[in-house]
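Keep in mind the model is a prediction, meaning the values are calculated, not measured.
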Amino acid sequence: DDPPQWLLDYQKQQQQEEGSEEEETNNSGSSSISSVQIQNWVTRLAACVVEMRHQQKQQQQQQQQKAPSAHHDQAMQTWLRLLPSQTSFRECLPIHWPESLVSGSSELSSVDYRPLELAVDAAHFARAPVMYDLMEAIPSHYHGHGDGNNGLENDGDDDEGSMMMMATRERIVEWALDVVQTRSCRCSSSRESLDDDDDDDNNKVDEEEENLRVLVPVFDMINHSPEPNAEFFREGDRMTVKATSDMDANEQVCIHYGKSTVPAWKRLFSYGFCDTGGSSNSISGDDDDGGFAVYEDDAVEIVLGDRFRFEISPTEIPGELIGYQAQQQMQKNRADDGADDGDDVPADVEFTPEIGRGIVDQLTMVASGLERKRDDVANAAATSEDASMATPLKLVADLHESHRRTVLTCAGGLREYLQEE
């Protein structure tokens, strides 16, 4: 984590300006520099990525001109070439998707899942100050490298050229932030496990000195698994990966990305993927598992009665859902008896087989709704004339299917419990 000098110069200038404003107003607690400090690890790592990208483009240009160039590690250049493109990030990460696809505000088949929608909205606000600071800090001569092989130069029209440069700068910064979001990790300075109580959300900073946010080339390409066969830790300035179990020849090395991977929607939000592979230790309440693994941490928010929200997991149902179902059952019984609606259900509701069966029925209906959503999205993906929507729609369908499996597993577990009782 050695940020380029241009970022340090910019932050120093901002701190000086903030100091002047504080003397004048004595109230600079909500100023822009505080945003830089809150997201400092993101800003620093993204600046490093921008700097490496600039060095790569600079060397490529010098090689084309057959001019002497400064040595730039070939391994680093290879890593940069292997990183996902901006197009790939925009297709996989919900923060870049159309609002209608995330919120369900149009007729287009969509995620329509409140936790993900709120996370995307929060991410937009969290990114804004970092985007601004980096775009202001990047030296102007960096802008001519463009995106990919398409250099954008000011060729006459100053206003148009400035707009093109601004667009290029924004694309570079956005890409760098996507790299940091999806490929950085929290690393302990010892071999202690990362499965502790610390939050591993990419938008929060672990302030303890022994825990760092790092972006390690090549290491960042190790895939996630809920059942990893390797662990990682930092030893000095080196990252060490060690097997935690015997591996077969050609078996993929996998690590656990941390708590930013559960529940399922967080995997999509943070990294742009949904698990579709089965596992020997996954739990499932459906014989036809379709290759989707279901784990105890995969909680799902369900909506009943169009406005009552409950979070369930494969092995747990909240007391509020029991109370809701008890009230529904009480109202049904009164209606069958021709009686008027009485008082609300008491707080100390006793869980009965009748209530349990009602919850199973509710969960089964929710799963059927998720199946319809999945099929609608799959059909939209197959018939869409916009090729750029194919990957987002597939990921949305995968998320619906993951949620459906979780709901069915919960219903199946409750059904087994009732049978045993």
Side-chain angles (χ1 to χ4, degrees), residues 103-107 109-118 262-265 282-290 292 294-379 396-397 399-421:
S103 65
S105 58
S106 73
E107 295 180 357
S109 297
S110 63
V111 178
D112 193 19
Y113 188 64
R114 188 182 67 165
L116 179 59
E117 181 182 354
L118 294 176
V262 290
W265 69 265
S282 64
I283 57 178
S284 176
D286 193 352
D287 293 336
D288 179 20
D289 63 14
F292 279 76
V294 179
Y295 295 90
E296 290 188 23
D297 291 332
D298 281 334
V300 176
E301 182 184 82
I302 63 173
V303 181
L304 301 178
D306 294 329
R307 62 192 180 95
F308 297 99
R309 298 178 181 272
F310 308 97
E311 185 176 82
I312 66 167
S313 76
T315 58
E316 294 183 356
I317 56 175
E320 293 81 2
L321 177 55
I322 297 174
Y324 169 83
Q325 185 58 38
Q327 185 176 40
Q328 297 297 305
Q329 199 68 48
M330 184 180 298
Q331 292 175 353
K332 180 179 180 301
N333 293 338
R334 286 171 176 164
D336 291 342
D337 295 339
D340 295 333
D341 290 343
D343 297 332
D344 291 339
V345 65
D348 53 343
V349 178
E350 180 181 357
F351 181 80
T352 65
E354 185 180 29
I355 291 176
R357 287 190 293 270
I359 293 176
V360 170
D361 292 340
Q362 295 273 20
L363 295 178
T364 303
M365 287 190 293
V366 170
S368 297
L370 288 168
E371 184 176 11
R372 287 192 296 272
K373 285 185 176 182
R374 179 204 64 193
D375 293 342
D376 288 344
V377 174
N379 181 64
V396 171
L399 184 63
H400 286 320
E401 179 62 11
S402 177
H403 286 171
R404 187 181 81 92
R405 296 291 170 180
T406 299
V407 172
L408 285 176
T409 302
C410 182
L414 180 55
R415 187 182 296 111
E416 290 180 6
Y417 170 79
L418 293 172
Q419 291 173 350
E420 293 175 356
E421 291 294 313

Give, for atom CG of L304 and atom CZ of F310, the distance between the pair rounded to the nearest 0.5 Å. 5.5 Å
Are V303 and V366 side-chain neighbours, meaning at least one heavy-atom pair lies under 4.5 Å? no
Salt-bridge test for E371 and R374: reply yes if a basic N is under 4.0 Å from a carboxylate O, no otherwise. yes
Do T352 and I355 have side chains that approach each other closer than 4.5 Å (heavy atoms only, starting at C-beta)? yes
Do P318 and I312 touch side chain to side chain, with heavy atoms closer than 4.5 Å? yes
The reported gap from CG in D298 to CD in E296 (rounded to nearest 0.5 angstrom) is 10.0 Å
Closest heavy-atom pair, V377 versus H400, reported as atoms and distance to 0.1 Å, is CG2-CD2, 3.9 Å
I'd like to check E320 versus F308 (side-chain heavy atoms, cut-off strictly below 4.5 Å). Are they in contact? no
Quick one: CD on Q419 to CG on L414, what's the gap to the nearest 0.5 Å? 10.0 Å
Could you give me the CA-CA distance, side-chain angles and deciding distance for T315 and C410, then say whether side chain to side chain contact (heavy atoms under 4.5 Å, CB included) is met? CA-CA 6 Å; T315 58; C410 182; over 6 Å; no
Just how far is it from atom CG of L363 to atom CD of Q325, taken to the nearest 0.5 Å? 9.0 Å
When you measure from the side chain of Y417 to the backbone N and O of G412, does any donor-acceptor pair fall under 3.5 Å? no
Is there side-chain contact between V300 and E311, with heavy atoms separated by less than 4.5 Å? no
Flag the pair Y295 / V262 as yes when at least one side-chain heavy-atom distance between them is below 4.5 Å, and no otherwise. no
For residues L418 and G356, report the shortest heavy-atom separation together with the two atoms involved. CD1-C, 3.6 Å
Let me see the working for L399 and W265 under side chain to side chain contact (heavy atoms under 4.5 Å, CB included), right down to the final yes or no. CA-CA 7 Å; L399 184 63; W265 69 265; 4.1 Å; yes
Working to the nearest 0.5 Å, report the span between CD of Q329 and CZ of R357. 8.5 Å
Any side-chain heavy-atom pair of R309 and I302 under 4.5 Å: no
Quick one: does R404's side chain get under 4.5 Å of L408's, heavy atoms only? yes
What distance separates Q327 CD from I322 CD1, expressed to the nearest 0.5 Å? 14.0 Å
Could you walk me through whether E301 and Y113 pass side chain to side chain contact (heavy atoms under 4.5 Å, CB included), step by step? CA-CA 8 Å; E301 182 184 82; Y113 188 64; 3.6 Å; yes
